[in-house]
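Residue numbers begin at 1 in each chain, while the letters A, B, ... track the order of the sequences.
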Amino acid sequence: AQTVTQSQPEMSVQEAETVTLSCTYDTSESDYYLFWYKQPPSRQMILVIRQEAYKQQNATENRFSVNFQKAAKSFSLKISDSQLGDAAMYFCAYRVTGNQFYFGTGTSLTVIP
Amino acid sequence: DVKVTQSSRYLVKRTGEKVFLECVQDMDHENMFWYRQDPGLGLRLIYFSYDVKMKEKGDIPEGYSVSREKKERFSLILESASTNQTSMYLCASRGTPRGPEAFFGQGTRLTVV
């Protein structure tokens with residue numbers, strides 16, 4: 001079964017500091033995609049970053065970067081220089097080359113001024 | 001800019017009513033999805049569609065049906081609404097050439113009383 005596990009229901013970080021959100025997944029596939037989505041209180045889910053499993057290099061988008069450990073099936077998100085606007089629910093997701101996405105249960109991130 | 005639009009942000013319906021949730025995308029995506037989001041459970045797939053008139057059951061299809069008569073529109077139908085269907089409903093779409101990620105609507109908060 002395809003599963004995605006986010007073991008941190010809630011996290012907090014001081015403004016301007018760095019925080020890492022954890023995600024592990026379970027799959028027997030070798031070709032797949034991994035994503036981090038952000039859902040602010042306004043509720044629209046937006047993509048933060050994505051990683052193709054065949055790429056060894058970790059993806060980076062400005063202050064957001066991932067640590068992709070394929071053998072360990074781990075995909076953590078690091079947010080550097082945290083800002084108040086980063087406060088949101090973050091979901092880790094996984095998709096094989098078919099269509100279906102699998103989502104974790106989410107991590108609620110609070111940014112403390 | 002890409003857009004997935006859900007017809008309502010908030011709905012209140014009575015038990016036993018037939019409820020229609022509408023979703024429209026303007027990206028010519030082949031794939032569309034309906035998810036249910038509940039606290040602590042993340043996003044669970046209800047149904048998805050990979051083409052007009054084509055549909056596949058997700059993880060929790062009981063009590064729901066879907067319709068996709070046109071490529072841009074995907075409707076979720078609650079045949080006889082029950083209180084345990086009170087939830088947040090998210091529509092998403094995905095397809096080439098936009099990439100492997102899904103794009104989400106703003107969500108519909110449905111309350112069944």
Among residues 57-73 of chain B, those lying within the under-4.5 Å heavy-atom range of chain A are B/Asp59
Given B/Glu56, B/Arg9, B/Glu30, B/Met88, the one with more heavy-atom pairs under 4.5 angstrom with chain A than any other is B/Arg9
task: Please confirm whether B/Tyr35 and A/Phe103 have ring centers closer than 6.0 angstrom.
output: yes
Review point. Quick one: does A/Thr60's side chain get under 4.5 Å of A/Asn58's, heavy atoms only?
Key: no
inquiry  = Tell me if the aromatic rings of B/Phe74 and B/Phe48 count as close, with their centers under 6.0 Å from one another.
reply    = no
- Please report the C-alpha distance between A/Tyr32 and A/Tyr25 in whole Å, then the side-chain angles of each, then the deciding distance to 0.1 Å, and finally whether the ring-ring contact (aromatic ring centres under 6.0 Å, His included) criterion is met. CA-CA 11 Å; A/Tyr32 51 89; A/Tyr25 58 95; 5.4 Å; yes
The interface call for A/Gln39 against chain B, heavy-atom contacts under 4.5 Å, is side chain
Applying a strict 4.5 Å limit to non-hydrogen atoms, the region of B/Leu45 in contact with chain A is side chain
So the disulfide bond (SG atoms under 2.5 Å apart) pairs with at least one residue in residues 36-86 of chain B (sequence neighbours excluded) are none
So, are B/Lys53 and B/Asp51 salt-bridged, with charged N and O less than 4.0 Å apart?
no
When the 4.5 angstrom heavy-atom criterion is applied to A/Phe101 and chain B, the contacting part is both
Output for pair (A/Tyr90 OH, A/Gln8 CD), nearest 0.5 Å, gives 13.0 Å
> How far apart are the C-alpha atoms of B/Glu79 and B/Lys18, what are their side-chain angles, what is the distance that settles it, and do they pass the salt bridge (Lys or Arg N to Asp or Glu O under 4.0 Å) test?
Replying inline: CA-CA 5 Å; B/Glu79 297 290 344; B/Lys18 191 168 186 177; 3.6 Å; yes
